[in-house]
Visitor: 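The structure that follows is given in the form of structure tokens.
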Amino acid sequence: MNRAKSHFRSELAIIPPVARVIAVLAFALMQICLLVLLPHFVNRSEIPPMPFMVLISLVGGAVLGIIVLMIGYVNADSKRRGMNALLWTLLVIFVPKALGFIAYFLLRKPLLIPCPNCGTELGSDFRYCPKCGHALAPSCSHCGRSISGDYVCCPYCGKAVGATAT
Ligand SMILES: [Zn+2]
Ligand SMILES: [Zn+2]
């Protein structure tokens with residue numbers, strides 16, 4: 001429970017500051033439009049009583065703010081997963097009924113992992129670092145195929161597995 005909570009917090013931390021500012025502005029703008037401007041332009045008898053309007057503008061502003069934060073999250077999250085951030089940001093903004101968000105969370109790639117040797121960001125299916133050649137999975141020292149770390153003999157070439165690169 002606690003871990004899930006801190007995980008959620010660290011995920012929130014990646015939301016870009018720009019998105020946070022826009023979310024607050026969107027919330028404030030909703031309040032100004034519905035509570036300050038609307039009564040000036042529309043006949044007072046046509047709009048719901050004030051307590052209702054306050055409720056509507058608070059909920060509406062909060063929903064709008066959360067949507068902006070989610071767009072910011074997708075933008076930052078797609079970048080750190082090596083996905084096309086611009087494409088996905090536009091998709092979640094313009095595809096209606098939150099289908100862009102659903103598609104994003106279904107299709108997003110695993111997180112990039114830094115190379116333990118040089119720190120280059122690597123795809124989850126990489127077996128070697130393309131920058132420094134560091135082997136990411138144990139491999140047979142004779143034939144080079146990837147094997148489980150606890151094998152004594154290579155199941156492909158049959159030789160004793162000596163020093164396995166890790
Ligand atoms: Zn490397
Ligand atoms: Zn082998």
Side-chain angles (χ1 to χ4, degrees), residues 1-31 58-166:
M1 186 67 206
N2 225 347
R3 253 185 90 198
K5 217 174 174 181
S6 71
H7 175 74
F8 184 65
R9 271 169 180 257
S10 68
E11 288 297 291
L12 285 185
I14 71 162
I15 295 173
V18 164
R20 293 161 195 257
V21 173
I22 296 174
V24 172
L25 288 179
F27 180 83
L29 203 66
M30 182 72 98
Q31 315 309 311
L58 284 178
V59 172
V63 169
L64 198 64
I66 289 169
I67 291 172
V68 172
L69 291 178
M70 283 181 71
I71 293 167
Y73 174 80
V74 166
N75 181 270
D77 189 54
S78 55
K79 251 180 232 166
R80 67 175 179 167
R81 288 167 194 268
M83 298 164 70
N84 188 328
L86 178 67
L87 176 77
W88 279 105
T89 306
L90 292 176
L91 274 178
V92 294
I93 292 174
F94 291 109
V95 176
K97 295 182 183 169
L99 287 178
F101 283 110
I102 295 168
Y104 178 75
F105 286 107
L106 288 177
L107 298 175
R108 70 178 179 176
K109 291 184 190 168
L111 281 174
L112 299 176
I113 41 161
C115 168
N117 190 42
C118 72
T120 304
E121 306 248 278
L122 308 170
S124 60
D125 54 345
F126 285 14
R127 282 174 51 199
Y128 295 91
C129 171
K131 287 277 165 67
C132 71
H134 184 82
L136 299 161
S139 58
C140 171
S141 48
H142 302 283
C143 69
R145 294 175 78 164
S146 66
I147 53 173
S148 177
D150 55 359
Y151 286 179
V152 179
C153 292
C154 172
Y156 303 106
C157 68
K159 293 197 172 122
V161 179
T164 51
T166 47

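Whatever order the structure lists them in is the order used to number ligands and atoms, beginning at 1. None of these values were measured; they are calculated from a predicted model. Starting from 1, each residue takes its place in the sequence as its number.
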Visitor: For the pair Y104 (side chain) and S78 (backbone), establish whether a donor and an acceptor sit closer than 3.5 Å, ignoring hydrogens and angles.
Guide: yes
Visitor: Between SG of C115 and SG of C129, what angle is found at the Zn ion (ligand 1), rounded to 10 degrees?
Guide: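 Result: 110°, to 10°.
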Visitor: Any chance you could measure I66, atom CD1, to F27, atom CZ, to the nearest 0.5 Å?
Guide: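 CZ of F27 is found 10.0 Å from CD1 of I66.
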Visitor: Give a yes/no answer: is there an N/O/S atom of C118 under 2.8 Å from the Zn ion (ligand 1)?
Guide: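 Yes, since at least one N, O or S atom of C118 sits under 2.8 Å from the Zn ion (ligand 1).
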Visitor: Closest heavy-atom contact between R20 and L12?
Guide: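 So the two residues come closest at NH2-O, 3.1 Å.
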Visitor: Check whether any side-chain N or O of H142 sits under 3.5 Å from a backbone N or O of G158 as a donor-acceptor pair, and report yes or no.
Guide: no
Visitor: Check whether any side-chain heavy atom of I67 sits under 4.5 Å from a side-chain heavy atom of I71, and report yes or no.
Guide: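 Result yes, sub-4.5 Å side-chain heavy-atom pair found.
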Visitor: Is there a side-chain contact between H134 and C118 in this structure, where contact means two heavy atoms from C-beta onward sitting under 4.5 Å apart?
Guide: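 A side-chain contact is absent here, since even the closest heavy-atom pair is not under 4.5 Å.
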Visitor: Taking 2.8 Å as the limit, list every protein N, O or S atom around the Zn ion (ligand 2), by chain and residue number.
Guide: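 Only C140 SG, C143 SG, C154 SG, C157 SG fall inside 2.8 Å of the Zn ion (ligand 2).
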Visitor: Show me the donor-acceptor pairs, under 3.5 Å and distance only, between side chains in residues 126-133 and residues at least two apart or in other chains.
Guide:
from : atom 1 : to   : atom 2 : distance (Å)
R127 : NH2    : G144 : O      : 3.2

